[in-house]
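Notes follow the structure.
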Amino acid sequence: THTHTHTHTHTGSGMPCPVGRFCEGRTALAEPCRCDPGNFCPESSSQTEGKPCPEGFWCQGQDADKEPCTSEVGFYCHMGSSDAAGMECPAGHFCRGGSHRRQPCTCPPGSHCPAGWNGTADGDPLDGVECEKGSFCPGNDAEPLPCTAQPGNYCARGSGHGAGAACPLGHWCAGTTALPMPCTCLPGYYCPPQSSDTRGVACPQGSICEGASNGLARSEERRVGKEC
């Protein structure tokens with residue numbers, strides 16, 4: 001006589017709750033999710049609030065699944081997005097649009113990626129654009145910062161450090177975010193490089209200074225008149 005023993009194992013673990021539903025477990029059945037826009041119920045959800053929509057997708061809420069973002073270049077769908085058009089790419093990043101995630105810029109010093117940056121036809125879009133006058137850009141994903149130059153210096157376009165550069169001949173610079181201003185000195189005076197005062201300094205011997213922003217010129221061959 002042969003005895004056959006059949007063992008049936010019942011784990012009671014059930015099946016994963018489907019997308020768009022939440023399951024409280026035990027004998028409860030799957031119920032439609034009732035989450036807010038920007039959230040969705042992924043597989044195996046146990047709460048109706050769901051989870052935030054992941055970056056690169058948008059979620060209309062309720063029992064709908066996440067959908068790929070359809071944003072234009074220069075925009076992206078952030079985590080928790082409820083709009084397929086997404087939002088403007090934040091400063092310091094580059095956005096390819098669609099379901100692509102934002103990427104941190106890798107700008108060299110003197111450049112930055114402005115908000116809504118979508119690159120250019122030539123060059124690497126992660127290189128950004130040249131820093132504006134009166135600011136300096138440390139590079140990478142950093143935003144432009146106000147120039148911290150001392151009087152007599154200024155931050156030109158493309159500055160990569162806050163100390164800036166020397167004020168040009170014929171101009172004076174107040175420092176910080178101020179740009180070079182034409183000198184207004186009287187004849188006999190001029191504004192040398194790195195001037196911080198519009199009155200300038202006395203013209204050196206052997207030179208001609210017409211004042212204002214004209215700078216100085218050598219007087220080696222100057223002739224006041226001819227002898228009779």
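- Taken together, the cysteine pair C113 and C107 keeps its SG atoms at least 2.5 Å away from each other.
- Of all non-hydrogen atoms in S196 and G152, the two that sit nearest each other are CB-N, 3.6 Å.
- Between C167 and C173 the SG-SG gap is short of 2.5 angstrom.
- For T177 (side chain) and P146 (main-chain N/O), no donor-acceptor pair under 3.5 Å exists by modelled atom type.
- A disulfide is not assigned to C59 and C35, since their SG atoms are no nearer than 2.5 Å.
- Taking each heavy atom of C155 and G162 in turn, the nearest pair found is SG-O, 3.9 Å.
- The closest donor-acceptor contact from the side chain of S195 to the backbone of D197 lies at 3.5 Å or more, if one exists at all.
- Using a distance-only test at 3.5 Å, with no hydrogens or angles considered, no donor-acceptor pair links the side chain of Q60 to the main chain of E67.
- Residues L216 and C209 approach most closely at CB-SG, 3.6 Å, considering heavy atoms.
- A disulfide bridge does not connect C17 to C41: their SG atoms sit 2.5 Å or farther from one another.
- The minimum heavy-atom distance linking P90 with R102 is given by the pair CG-NH1, 3.4 Å.
- Minimum interatomic distance between P204 and Y190 (heavy atoms only, all atoms of both residues): CD-CE2, 3.6 Å.
- Counting all heavy atoms, side chain and backbone alike, T198 lies closest to C183 at O-SG, 3.2 Å.
- Applying the 6.0 Å contact sphere to OH of Y189 captures no more than 12 heavy atoms from other residues, nucleotides or ligands.
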